[in-house]
Amino acid sequence: MASFVRISRVARWNLSGVGRLFHSTPIAARGQNLSCMTASRAVVPASFSGVTTEQRRLCATAPKESRTWGIERAISVGILAGIPAMIVFPGSMFVDFSMGLLLPIHIHYGLHQIILDYVHVAAIKKLLDFLLPVLTGTIIAGIFLFNTRDVGFSKGCHKLWKQL
């Protein structure tokens, strides 16, 4: 019975926590509870007593990270809407060009996070930070050429699926 109560509490917490993902919730950075940081904007506390310089710096940079988070989610939702649109409207230029932009940008953000998390050598990180936008731009240009000079992104995916 105790395990059932424990599981129901966890399930209730998870379900109630889903709604909090899309609202402004405090962000904790490196184990610090920073009340001045929210997902939507930086809030400067009334008094700075007990607030370190590092916390002030993190509070000042909060809007940039929250904008990036929102952009990443909007791109993911756009891709989720674009995949069925590619099936329903094959050959549509709007769908082809929108997916041709959304997919490389989604890949760009993902690879950028991998670089930030796993590359620790400064010289290699600088090189990859330079090469990543070049790679993303090359992919976008290639998809643009494929959309304008060939069958297009959605019909190309259809042909690929038929061959498999």
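Computation of the quantities below employed the complete heavy-atom set of this structure, encompassing side-chain atoms and omitting hydrogens, waters and symmetry-equivalent molecules. What you see is a predicted model, and the numbers here were worked out from it, not measured in a lab.
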Got a list of side-chain donor-acceptor pairs under 3.5 Å for residues 124-132, not counting sequence neighbours?
| from | atom 1 | to | atom 2 | distance (Å) |
| --- | --- | --- | --- | --- |
| K125 | NZ | V119 | O | 3.3 |

Pairs of donor and acceptor atoms involving the side chains of residues 74-88, under 3.5 Å and at least two apart or interchain, shall be tabulated with distances.
| from | atom 1 | to | atom 2 | distance (Å) |
| --- | --- | --- | --- | --- |
| S76 | OG | E72 | O | 3.1 |

Rounded to the nearest 0.5 Å, what separates atom [atom1] in [X] from atom [atom2] in [Y]?
X	Y	atom1	atom2	answer
L102	I107	CG	CD1	11.0 Å
I139	I105	CD1	CD1	11.0 Å
D150	K159	CG	NZ	7.0 Å

- Query: Should L111 and W69 be regarded as members of a common hydrophobic cluster, given that ILVMFWY residues are connected when their side-chain heavy atoms come within less than 4.5 Å of each other, either directly or indirectly?
  - Reply: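 As far as the 4.5 Å side-chain criterion goes, W69 and L111 are not connected within one cluster.
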
According to a 4.5 Å side-chain heavy-atom criterion applied to Ile, Leu, Val, Met, Phe, Trp and Tyr, with indirect links allowed, do Y118 and Y109 form part of one hydrophobic cluster?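 Yes, Y118 and Y109 fall within the same hydrophobic cluster.
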
How about F144 and F97: are their ring centres within less than 6.0 Å of each other? yes

Hits for ring-ring contact (aromatic ring centres under 6.0 Å, His included) against F146, two or more places apart or cross-chain, chain-then-number order -> none

Sorted by chain and number, sequence neighbours left out, ring-ring contact (aromatic ring centres under 6.0 Å, His included) with F89 holds for none

For residues [X] and [Y], report the shortest heavy-atom separation together with the two atoms involved.
X	Y	result
N147	F153	OD1-N, 2.8 Å
I143	P104	CD1-CG, 3.9 Å
G156	V151	N-CG2, 3.8 Å

Item to complete: Give a yes or no on this: more than 12 heavy atoms of other residues, nucleotides or ligands lie within 6.0 Å of atom NE2 of H106.
Response: no

Residues 91-103 vs side-chain hydrogen bond (donor to acceptor under 3.5 Å, both in side chains), sequence neighbours excluded, gives D96-S154

Residue pairs passing the side-chain hydrogen bond (donor to acceptor under 3.5 Å, both in side chains) test with at least one member in residues 131-142, sequence neighbours excluded, are H108-T136

